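One structure, as C-alpha cells, below. Some questions next.
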Protein chains: 2
Amino acid sequence: MAASSPSARASRGRRAPRATGDDRERAILATLEELLEDRPLHAISVDDLARGAGISRPSFYFYFASKEAVLLSLFDRILAEGRAGQGDAIERLADDPPAQLRQGILAFFETFRAHRAVTLAGAEARTTSAELRAMWSRVMEAWVDEVATAISSERARGAAPSGVAARDLATALVCMNERVLHTTFAGDSPSVGEDDVVDVLVAIWLRAIYGDA
Amino acid sequence: MAASSPSARASRGRRAPRATGDDRERAILATLEELLEDRPLHAISVDDLARGAGISRPSFYFYFASKEAVLLSLFDRILAEGRAGQGDAIERLADDPPAQLRQGILAFFETFRAHRAVTLAGAEARTTSAELRAMWSRVMEAWVDEVATAISSERARGAAPSGVAARDLATALVCMNERVLHTTFAGDSPSVGEDDVVDVLVAIWLRAIYGDA
DNA sequence: GAAGGTATCAACAGGGTGTCGAGTCGTGTC
DNA sequence: GACACGACTCGACACCCTGTTGATACCTTC
C-alpha cells in the first residue's frame with residue numbers, strides 16, 4: 001500500500017493524438033511544484049492545484065487522493081534523484097574521510113537545494129500526513145544505518161576513537177544535517193549561509209567521528 | 001505588538017465570589033495543554049478548546065485570537081521557565097567545559113521534556129503562525145549568540161582550536177540539539193533514546209568545539 | 001453499435017474558521 | 001434606585017475548504 005507507481009496507466013495507442021490521461025497528472029505535479037515556489041503548502045488548496053492543471057476540483061480527486069499525495073509523488077522523484085547522486089561515498093569513507101564525507105553531504109545538499117520548495121513543503125506536510133512521515137523516516141533510517149556502519153568500521157580499524165554508540169552518533173549527525181539544511185533553505189533566522197553550510201557540517205562530522213583531524 | 005501580558009485584566013472586586021474573567025483564560029490554557037497530551041495541534045479545534053473551558057466558540061475569541069495564540073501563551077511560560085533553569089552555564093564554559101556544557105544542554109532537555117506536548121505543538125505551529133515562528137527564532141538566536149561568544153573566547157584563550165566560523169558552528173550545534181531533542185520527544189523513528197540523548201549531544205559539542213578531549 | 005474503462009464536473013454534505021449584533025450581569029455613580 | 005458602562009456570552013451568519021456522489025460524455029475495441 002502506498003507505493004509510488006503512477007505508471008500503472010498502461011495501454012495507450014502509440015503516438016496518441018491528444019493524450020489527456022497522465023498529461024493531467026503531470027500538470028498537477030507541475031502546478032504544485034510551481035505554486036510552492038511562492039507560498040507554503042498550507043496556503044495552497046486542492047482547488048488551486050485543479051485550476052492550475054486546467055480541471056475542476058472533483059476531477060483532481062480522480063488523480064490524487066489529496067494534496068499531500070501529490071507532494072508525496074513529487075518527493076519520491078527527488079529522493080530517487082538524491083540516491084543516485086549520493087553513490088557510495090559513505091561506504092568508502094575510509095578511502096579519504098574528509099573527501100568522502102564532503103561528497104556524501106554535498107549530494108544531499110545539492111539535491112535538496114535544487115528542489116528547495118518541495119523539500120520545505122515535505123517537512124511541513126510531515127506533521128499532517130502519516131504517509132509522508134513514514135517515507136521521511138525510511139530515508140533518514142537508511143542514511144543513519146549507512147553512517148552507523150561506516151563509523152563502526154572506522155572504529156574497528158582504529159581510524160576513529162570509540163565514544164558514544166555509533167548508531168546514536170549517526171542519528172544525531174543526520175538530524176543535524178536535516179535541520180541545518182532546512183533552516184538554510186528556508187532562510188530563517190539562525191541559519192548558516194548557503195556557501196558555508198557544507199563546510200560547517202563536514203567539519204563537525206569529522207570532529208565528531210574522528211576526534212581531531 | 002504581540003507581547004504576552006494577559007494580565008491587562010485589572011479591577012476585580014477583592015475576593016470576587018465567582019470570578020469568571022481570567023479563570024476562563026486559565027481554563028483555556030489548561031485545556032489546550034491537556035488535549036495536546038493525546039493528539040496533535042492540527043487535530044484540535046477552537047471548538048474543542050471552548051468546550052473544554054466550558055464556554056461557547058464565539059466566547060473563546062473574547063480571550064484569544066486563535067488556537068495558535070493560546071499555544072503562544074503556553075509556550076511563553078515554558079521559555080521563561082527554561083531561561084531560569086539554564087542559568088549561566090555557557091558563559092562559564094571555561095570553568096569546566098564538559099560539566100558546563102552538560103549543564104546547559106540538560107537544562108534545555110529537562111524543560112522541554114517536562115512539557116513535551118506543548119513543545120512538539122510549538123514546532124508544528126511554526127509552519128502556520130508567523131508569531132510563533134518569530135518567537136522561536138528569537139530564542140534560537142539568543143542561544144546561538146551565547147554559544148558563539150563562548151566558542152570565541154575559548155578559542156581566544158587557546159583552549160579550543162580554530163576552525164569554521166564560531167557563529168556557524170554554534171548555529172549548527174544548536175540546530176542539532178533542536179532537531180535531535182524533537183525526534184527523541186516525538187519518538188519518531190531514527191531517534192536517540194531519552195536516556196542517552198544528553199550524553200550524545202554533549203559528546204558531539206565537545207568534539208566539535210575542542211577537537212579531541 | 002454495444003460494452004467498458006477513462007475522464008469530467010455540478011451539486012451536495014460536513015466541518016472548520018472568524019465576525020456581528022443582540023443580549024446578560026455585576027458594579028460604581030449621582 | 002435608576003442608569004450607564006464595561007465585562008462577558010452566545011445564536012446565527014458568511015466563508016472557505018475538503019471529500020463524495022451520481023449523472024454524463026468520450027474513446028476504443030471487439
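Below, chain A is the first sequence line, B the second, and so on; all start at residue 1. From a predicted model like this one, the values you see are computed outputs, not experimental measurements.
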If you measure from the Lys or Arg side-chain nitrogens to the Asp or Glu carboxylate oxygens, is any gap between Arg39(B) and Asp48(B) under 4.0 Å? yes
Interatomic distance where CG belongs to Asp23(A) and P belongs to dT6(C) [whole Å]: 16 Å
Taking the side chain of Arg57(A) as its heavy atoms from C-beta onward, which of dC12(C), dA7(C), dG18(C) lies nearest to it? dC12(C)
Just by modelled atom types, is the Ala107(A) backbone N or O under 3.5 Å from a matching donor or acceptor in the Thr111(A) side chain? yes
In whole angstroms, the gap separating P of dC16(D) from CZ of Arg51(A) amounts to 12 Å
Could you state the CG-P distance from Asp22(B) to dT9(D), rounded to the nearest angstrom? 11 Å
Heavy atoms only, 4.0 Å cut-off, all strands: where does Ser45(B) land among base, sugar-phosphate and nothing? sugar-phosphate
Ring centres under 6.0 Å, that's the criterion: do Trp136(A) and Phe75(A) meet it? yes
Residue Ser56(A), side-chain heavy atoms: nucleotide from dT17(C), dT18(D), dC9(C) that is nearest: dC9(C)
Take atom CG of Asp48(A) and atom C1' of dT18(D), then tell me their distance rounded to the nearest Å. 13 Å
Nearest to the side chain of Tyr63(A) - dT17(C), dA7(C), dT18(D)? dA7(C)
Roughly how many Å is it from CZ in Phe60(B) to P in dT19(C), rounded to a whole number? 12 Å
Between C1' of dG15(C) and CD1 of Ile44(B), the distance in whole Å: 16 Å
So which nucleotide from dT19(C), dG19(D), dC8(D) ends up closest to the side chain of Phe62(B)? dC8(D)
State which of dA7(C), dA7(D), dA10(C) makes the closest approach to the side chain of Arg24(A). dA7(C)
Check whether any side-chain heavy atom of Gln100(B) lies under 4.5 Å from a side-chain heavy atom of Ile90(B), and answer yes or no. no
For the pair made of CG in Leu49(A) and C1' in dT18(D), what is the distance, rounded to whole Å? 13 Å
Give the rounded distance in Å between these two atoms: CD of Glu68(B) and P of dG16(C). 15 Å
Determine whether Glu178(B) and Arg126(B) satisfy the following criterion, salt bridge (charged side-chain N to carboxylate O under 4.0 Å, His left out), listing intermediate values before the conclusion. CA-CA 13 Å; Glu178(B) 181 192 323; Arg126(B) 250 185 321 176; 3.0 Å; yes
Which nucleotide in the list dT8(C), dT17(C), dT20(D) gets nearest to the side chain of Ser59(A)? dT8(C)
